[in-house]
Amino acid sequence: MKKTSFMTGFVLACLQSFSQLVPVNEPDYNKPKLFQALPSQVRVSMISLNSLFDQPTGQHVDINLSDSSLFRFEGEISGVANKYDGRIRTVIIRSLNYPGASFTISKVTAASGLISYQGRIVSFGHGDLYQLQSINGNYVLVKKNFYDLVNE
């Protein structure tokens with residue numbers, strides 16, 4: 001009887017402790033949309049994208065990210081990283097024309113010489129973002145909901 005009472009109490013105490021685990025922040029699905037006026041997909045100009053990797057920290061940039069639509073991104077390069085003998089190069093741009101947003105773009109060169117890109121434009125104060133994806137051999141910025149990618 002004592003063992004059963006002890007085990008029941010122990011199990012209830014464990015359940016109580018697990019039930020108190022809550023996320024740090026509750027998701028705010030009512031955040032304003034930063035890119036509402038822009039299309040859901042934007043084909044990226046590789047010439048514009050590659051030009052970012054030659055810029056130093058502190059440099060002002062103002063580029064059109066797409067040849068097919070006007071998606072101007074203006075900002076200041078706030079960080080540059082070059083790792084693994086240049087096989088991974090990353091640039092971070094803080095936006096001036098999309099308040100609170102940052103564009104992080106990485107160029108990854110595999111041992112075989114194949115180059116790929118990863119990146120996103122995100123603002124933690126807004127409910128949408130753009131993620132860079134390769135679609136049919138072209139790089140495209142795809143609009144997503146903030147909480148599809150970020151857990152707070």
Side-chain angles (χ1 to χ4, degrees), residues 13-152:
C14 288
L15 288 174
Q16 175 68 20
S17 68
F18 286 121
S19 68
Q20 293 179 2
L21 296 176
V22 294
V24 176
N25 292 320
E26 289 293 324
D28 179 7
Y29 294 108
N30 295 318
K31 287 183 177 184
K33 305 286 187 191
L34 184 61
F35 304 111
Q36 188 169 6
L38 294 170
S40 61
Q41 292 189 357
V42 177
R43 187 171 174 191
V44 175
S45 164
M46 296 311 294
I47 293 170
S48 295
L49 202 65
N50 277 311
S51 71
L52 297 174
F53 293 100
D54 298 326
Q55 306 297 325
T57 301
Q59 178 71 39
H60 180 268
V61 294
D62 187 358
I63 62 171
N64 190 21
L65 289 174
S66 175
D67 292 332
S68 60
S69 68
L70 291 177
F71 186 179
R72 191 176 66 81
F73 196 87
E74 181 182 3
E76 183 176 300
I77 296 184
S78 61
V80 175
N82 192 350
K83 296 197 171 217
Y84 308 109
D85 296 323
R87 289 190 317 238
I88 300 176
R89 298 173 65 191
T90 301
V91 176
I92 302 169
I93 304 168
R94 288 205 179 144
S95 179
L96 295 174
N97 58 334
Y98 296 103
S102 291
F103 182 22
T104 304
I105 181 74
S106 294
K107 180 178 182 179
V108 180
T109 306
S112 65
L114 183 67
I115 296 174
S116 63
Y117 298 87
Q118 298 174 0
R120 64 180 55 122
I121 303 172
V122 63
S123 167
F124 287 95
H126 294 88
D128 58 351
L129 57 89
Y130 273 107
Q131 183 174 24
L132 187 65
Q133 295 179 348
S134 177
I135 300 175
N136 298 326
N138 296 304
Y139 280 93
V140 178
L141 286 167
V142 179
K143 193 185 299 185
K144 297 191 176 240
N145 290 319
F146 181 81
Y147 289 108
D148 290 344
L149 211 63
V150 177
N151 291 325
E152 288 189 296

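Heads up: numbering here begins at 1 and tracks the sequence. All values reported here derive from a predicted model rather than from experimental measurement.
Using a 4.5 Å heavy-atom threshold, the side chains of Q55 and V61 count as touching. Contact of the I121 side chain with the L34 side chain is not registered, since no non-hydrogen atoms from C-beta on lie closer than 4.5 Å. Within the 4.5 Å cutoff, side-chain heavy atoms of L52 are placed close to those of F103. V142 is listed as a side-chain neighbour of Q41, based on a closest heavy-atom distance under 4.5 Å. For the pair N82/F53, no side-chain contact is recorded, criterion being any heavy-atom separation below 4.5 Å from C-beta on. At a threshold of 4.5 Å between non-hydrogen side-chain atoms, the residues S116 and Y139 count as touching. V42 places none of its side-chain heavy atoms less than 4.5 Å from the side chain of L65.
The shortest heavy-atom contact between R72 and N97 is O-ND2, 2.9 Å. Contact record, P99 with S123: O-OG, 3.9 Å, taken as the closest heavy-atom pair. Taking both residues in full, the closest heavy atoms of S45 and N64 are given as CB-O, 4.5 Å, listed atom of the first, atom of the second, then distance. Residues R43 and N138 approach most closely at NH2-OD1, 2.9 Å, considering heavy atoms. Nearest heavy atoms, G125 versus P32: O-CD, 3.8 Å. Of all non-hydrogen atoms in T90 and S106, the two that sit nearest each other are OG1-OG, 2.8 Å.
S78 contributes atom OG, which lies 13.0 Å from atom CD of Q59 (distance to the nearest 0.5 angstrom). With rounding to the nearest 0.5 Å, the separation of CG in L141 from CZ in R120 is 11.5 Å. To the nearest 0.5 Å, atoms CG (N50) and CD1 (I105) are separated by 9.0 Å. To the nearest 0.5 Å, the span separating CD1 on I92 from CD on E76 amounts to 12.5 Å. Going from atom NE2 of H60 over to atom CD of E74 covers 3.5 Å, rounded to the nearest 0.5 Å. Here the straight-line distance linking atom CD1 of I93 with atom CG of D62 works out to 10.5 Å at 0.5 Å rounding.
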Quick one: do N145 and K31 satisfy side chain to side chain contact (heavy atoms under 4.5 Å, CB included)? Show the steps, please.
CA-CA 10 Å; N145 290 319; K31 287 183 177 184; over 6 Å; no
Take K144 and L129 through the side chain to side chain contact (heavy atoms under 4.5 Å, CB included) test and state the conclusion after the steps.
CA-CA 5 Å; K144 297 191 176 240; L129 57 89; 4.0 Å; yes
Under the side chain to side chain contact (heavy atoms under 4.5 Å, CB included) rule, what do L38 and Y130 come out as? Steps first, then yes or no, please.
CA-CA 10 Å; L38 294 170; Y130 273 107; 3.2 Å; yes
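Partners of R87 according to the side-chain hydrogen bond (donor to acceptor under 3.5 Å, both in side chains) rule, which considers only residues two or more places apart in sequence or in another chain, do not exist here.
The environment of I47 atom CD1 is sparse: at most 12 non-hydrogen atoms of other residues, nucleotides or ligands sit within 6.0 angstrom.
The aromatic rings of Y98 and F35 sit tilted relative to each other, their planes meeting at an angle between 30° and 60°.
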